[in-house]
Novice: 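Here it is, the structure, as structure tokens.
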Amino acid sequence: MAGSETTLSADFVIVGGGIAAVTCAETLADECPESKVILITASPLVKAVTNYQKVSRTLETFDVEEKPTSLVESQCPNVMVLQASVTALQSADKTLTTSDGKTVHYNKVCLCTGGKPKLIPGSNGYVVGIRDTGSVKDFQKKLSTAKRVVVVGNGGIASELVYEVEGCEVIWAIRHQSISSAFVDEGAAQFFLPHLQQEKKTASATVRRQKYAIDDQAEEEEGEKEEGGEARTLGSALGPDWAAARPMKGSGDVEGCVHVEYGVEVVRVMDPSQLADSGLQPCTPPGFSHSPQQGWRVFVELTNGQVYGCDLVVSATGVRPFTDPFLAANAFEVAEDGGLKVDDKLQTSVLDVYAAGDLCTASWQMADLWIQRRLWTQARQMGSYAARSMVAATKGESITLDICFELFAHVTKLFGYKVVLIGLFNAQGLGTDYELLLRVTKGEEFVKVVLHNGRLVGAILIGETDLEETFENLALNQIDLTPLKDHLLDPAVDIDDFFD
């Protein structure tokens, strides 16, 4: 940990404490053990990749664990961790200013501050966002006294949350016409729907909760700061399987009680007095046991006219890149989504300033089958690649774009199922010029293949299909599958035999 010096300097400086930042620091420690590296993070805990496995050329799996910053320093001797927030970047002077009054000089800097949640305007503290461990703890505490929650959003966090919450009625408000649309299409959503109403497999969840145990002492220290009146610092994004790692229990005894409102957005969140003034009448979803007027803490009005009472509203409507400390006095090119534009070396428009993870927007000529999605896999990949790119630039060497940027590939878990996404898995950018092949076994697997000009350009694999490596190879090699497409998803045919 950095000492009392007011001026520090390093060959490489990284800003952030999430997967991209820590991976960048670890890669720099490995690539340049003789160089000085400073990691600036606002939280006493950082996100680190563990149990990493390379499944295939582009697919990978790993766990994310929270670790104290001291562990990073002990494992990476040339890395110094400075616990503070960055308040300003002066790229002309190549310095950063921190919240504790320090000035940090850099040769090259990588910004990995991630995203900031887009929150629905709340009422009396009963609207919570979920982004980091601290916000999850806040949610768990409030959920423990709740009989009903309204979850707003349709991405990964909302999907995991709806599936894992127990002992509580759940109203899921989404602006799309199918659930989990950030990952899957309507067909796959129909495959998942029955599992919203089923009891959860709590035994395996208990094992995962032990596996993802959090440093209690560090969390208690954070809690003490909050109780002392200081504003809690926004921590790093949650990693994979985050919800299954923590108990999500309401105060009721209902199980699998989920109602989905499709094609809606939130008009407003009201407390009971505001509801009375509005003249609106709340209602109860079909099959729910609690009455519309059951002393709810807040009420949510949706664009379809429905008003629901609940004890808690979860705002899981995405994030925006957290660029706030960096834009003033620096000539960054900013993308339409608010991210810092980066080239194929992950360098921004400002010399010697790189960016990785949710903060950046890929602005090079991308490969046909790669798309940027702000996911933990890409955060890890970008953090590693940014480190190698900075090292290469320092040594005057060239670096080629990593193969992970040739084909989008992501492994996750939704509603208890393994989900593999490959390439243009939802036919992104193809208009109507594509063909779909489907294989569905109810309750077991869902397989969708996207073909363009006879070639595999995308796939969604749900369940234990064992097809991911084969389909990855077909996507990378772009073999014309026209003569084989009638057999491609035939379970009686071993597809590998065609390509031996």
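This one's a predicted model, so the numbers in the text were calculated from it and none came from an experiment.
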Novice: In terms of side-chain geometry, is the basic nitrogen of Lys448 or Asp185 positioned less than 4.0 Å from the acidic oxygen of its partner?
Specialist: yes
Novice: Hey, mind stepping through Asn426 and Ile460 against side-chain contact (heavy atoms from CB on, under 4.5 Å) and telling me if it holds?
Specialist: CA-CA 8 Å; Asn426 275 333; Ile460 295 177; 3.5 Å; yes
Novice: Salt bridge check, Lys47 against Glu66: does any charged N sit closer than 4.0 Å to a carboxylate O?
Specialist: yes
Novice: Of all the heavy-atom pairs spanning Ser85 and Ala42, show the shortest one and how long it is.
Specialist: OG-CB, 3.5 Å
Novice: Is there a donor-acceptor contact under 3.5 Å from the side chain of Asp480 to the main chain of Thr482?
Specialist: yes
Novice: Looking only at heavy atoms, what is the nearest atom pair of Thr412 and His410, with distance?
Specialist: CB-NE2, 3.6 Å
Novice: Looking at Arg439 and Asp490, is there a salt bridge between them, counting it only when a charged N and a carboxylate O are closer than 4.0 Å?
Specialist: no
Novice: Hey, are Lys108 and Asp352 close enough for a salt bridge, meaning a charged N less than 4.0 Å from a carboxylate O?
Specialist: yes
Novice: Just by modelled atom types, is the Val353 backbone N or O under 3.5 Å from a matching donor or acceptor in the Thr348 side chain?
Specialist: yes
Novice: Ile40 and Ala84: which non-hydrogen atoms are nearest, and at how many Å?
Specialist: CG2-O, 3.5 Å
Novice: Distance from Glu265 atom CD to Leu302 atom CG, nearest 0.5 Å?
Specialist: 10.0 Å
Novice: Are the side chain of Thr98 and the backbone of Val86 linked by a donor-acceptor contact shorter than 3.5 Å?
Specialist: no
Novice: Is the closest side-chain donor-acceptor distance between Ser9 and His105 under 3.5 Å?
Specialist: no
Novice: Do the side-chain N and O atoms of Thr50 and Asp63 include a donor-acceptor pair separated by under 3.5 angstrom?
Specialist: no
Novice: Using the rule side-chain contact (heavy atoms from CB on, under 4.5 Å), only one of Leu437, Val449, Leu456 pairs with Lys485; which is it?
Specialist: Leu437
Novice: Looking at the rings of Phe425 and Phe408, which for Trp means the six-membered one, are their centres under 6.0 Å apart?
Specialist: yes
Novice: Does Thr394 form a side-chain contact (heavy atoms from CB on, under 4.5 Å) with Asp11? I'd like the steps, not just the answer.
Specialist: CA-CA 9 Å; Thr394 300; Asp11 302 298; over 6 Å; no
Novice: For the residue pair Val420 and Ile422, what are the closest heavy atoms and their distance?
Specialist: CG1-CG1, 3.9 Å
Novice: Mind checking the CD1-CD spacing from Ile371 to Gln428? Nearest 0.5 Å is all I need.
Specialist: 4.0 Å
Novice: Between Glu31 and Lys395, is the side-chain contact (heavy atoms from CB on, under 4.5 Å) condition met? List the steps.
Specialist: CA-CA 12 Å; Glu31 295 270 333; Lys395 295 179 178 179; 5.7 Å; no
Novice: What closest approach, in Å, do Val162 and Val258 show between heavy atoms, and which atom pair accounts for it?
Specialist: CG1-CG1, 3.8 Å
Novice: Less than 4.0 angstrom from a charged side-chain N to a carboxylate O is my criterion; do Arg320 and Asp324 meet it?
Specialist: yes
Novice: If you look only at pairs with a residue in residues 458-469, which of them pass as a side-chain hydrogen bond (donor to acceptor under 3.5 Å, both in side chains), with sequence neighbours excluded?
Specialist: Lys418-Glu468
Novice: Do the two ring centres, one from His195 and one from Tyr417, sit under 6.0 Å apart?
Specialist: yes
Novice: Any chance CD of Gln53 has more than 12 other-residue heavy atoms, nucleotides or ligands included, within less than 6.0 Å?
Specialist: no
Novice: Is the number of heavy atoms from other residues, nucleotides or ligands within 6.0 Å of CZ (Arg175) greater than 12?
Specialist: no
Novice: Under 4.0 Å between a Lys/Arg side-chain N and an Asp/Glu carboxylate O for Glu406 and Arg57?
Specialist: no
Novice: Do Ser389 side-chain atoms and Lys345 backbone N/O form a donor-acceptor pair below 3.5 Å?
Specialist: yes
Novice: As a test of understanding, state which of Phe191, Phe192, Phe446 forms a ring-ring contact (aromatic ring centres under 6.0 Å, His included) with Phe415.
Specialist: Phe192
Novice: What pair of heavy atoms forms the shortest contact from Asn154 to Ser180, and how long is it?
Specialist: OD1-N, 2.6 Å
Novice: Count the heavy atoms of every other residue, nucleotide or ligand shown that sit under 6.0 Å from NZ of Lys442, and state whether that count exceeds 12.
Specialist: no
Novice: Please confirm whether the backbone N or O of Val81 pairs with a side-chain atom of Glu73, one donor and one acceptor, at under 3.5 Å?
Specialist: yes
Novice: Working to the nearest 0.5 angstrom, can you tell me the gap between Leu111 CG and Leu346 CG?
Specialist: 11.5 Å
Novice: Test Val64 against Ile19 for side-chain contact (heavy atoms from CB on, under 4.5 Å), laying out the working first.
Specialist: CA-CA 8 Å; Val64 174; Ile19 297 172; 3.5 Å; yes
Novice: Any side-chain heavy-atom pair from Gln83 and Ser43 closer than 4.5 angstrom?
Specialist: no
Novice: Ring centroids only, cut at 6.0 angstrom: are Trp370 and Phe405 within range, meaning strictly under it?
Specialist: yes
